[in-house]
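A quick write-up on the structure given underneath.
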Amino acid sequence: MTTEKRDDIHETEIGATEGRQITRVYHDRKQAEAAIDRLKQHGFDDDQISLRTQGGHTDESGVFVPGQIEVVVMADARVPEAERLLSGD
């Protein structure tokens with residue numbers, strides 16, 4: 001089940017583990033990396049954080065056009081904190 005929080009932050013309940021996963025979409029790699037740094041500074045471990053990319057392509061002139069970047073956090077009981085950190089607040 002996915003519950004939308006903002007246009008770019010989504011919460012997903014993981015049925016098998018009863019955990020909670022938070023995903024935020026970024027369009028800028030530096031912003032995504034800054035969010036990962038904030039998460040780590042607040043005690044989230046590497047095994048709780050994933051960075052995924054999708055939708056990148058090369059246009060007709062051969063220039064790479066980046067797609068979206070997703071930072072995914074297994075937040076479990078720390079959902080509000082993860083959302084705040086992903087938002088940069």
Side-chain angles (χ1 to χ4, degrees):
M1 179 176 84
T2 300
T3 306
E4 216 161 303
K5 298 294 184 178
R6 293 178 17 171
D7 288 343
D8 55 359
I9 296 180
H10 304 277
E11 177 182 347
T12 305
E13 182 178 332
I14 311 301
T17 62
E18 298 182 10
R20 297 219 180 268
Q21 172 180 294
I22 303 297
T23 303
R24 171 142 191 220
V25 175
Y26 296 88
H27 297 283
D28 178 83
R29 185 173 180 92
K30 288 184 181 185
Q31 289 178 339
E33 289 173 347
I36 291 170
D37 289 342
R38 285 191 301 274
L39 290 163
K40 288 180 178 181
Q41 289 170 359
H42 286 84
F44 286 91
D45 295 325
D46 285 333
D47 63 344
Q48 294 175 283
I49 303 168
S50 298
L51 181 113
R52 300 187 298 213
T53 61
Q54 60 183 359
H57 64 279
T58 304
D59 68 14
E60 295 96 27
S61 65
V63 174
F64 178 72
V65 179
Q68 68 183 24
I69 302 164
E70 296 178 347
V71 175
V72 182
V73 185
M74 289 304 299
D76 297 329
R78 298 174 68 187
V79 167
E81 181 182 11
E83 289 175 346
R84 180 179 56 79
L85 294 167
L86 288 172
S87 297
D89 299 339

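In terms of heavy-atom proximity, G19 sits nearest to D76 at CA-OD1, 2.9 Å. Considering all non-hydrogen atoms of both residues, R20 and E11 come closest at CD-OE2, 2.7 Å.
R24 places a side-chain N or O within 3.5 Å of a backbone atom of L86 that can act as its donor or acceptor partner. Side-chain atoms of Q48 never come within 3.5 Å of backbone atoms of V73 as a donor-acceptor pair (strictly under, hydrogens ignored).
A continuous path of hydrophobic side-chain contacts links V79 to F44 [ILVMFWY only; heavy atoms under 4.5 Å].
In this structure D45 satisfies the salt bridge (Lys or Arg N to Asp or Glu O under 4.0 Å) test with no other residue, sequence neighbours excluded.
Taking CD from E33 and CG from L51, the interatomic distance works out to 7.5 Å, rounded to the nearest 0.5 Å. The distance from atom CE of M74 to atom CD1 of I22, rounded to the nearest 0.5 Å, is 9.5 Å. A distance of 13.5 Å separates CG in D28 from CD in Q68, rounded to the nearest 0.5 Å. Between I9 atom CD1 and E70 atom CD the span is 12.5 Å, to the nearest 0.5 Å. Atom CZ of R38 and atom CD of E81 lie 12.0 Å apart (nearest 0.5 Å). A distance of 7.5 Å separates CZ of R29 from CD1 of I36, quoted to the nearest 0.5 Å.
Residue pairs meeting the salt bridge (charged side-chain N to carboxylate O under 4.0 Å, His left out) criterion with at least one partner in residues 53-68, sequence neighbours excluded, are absent.
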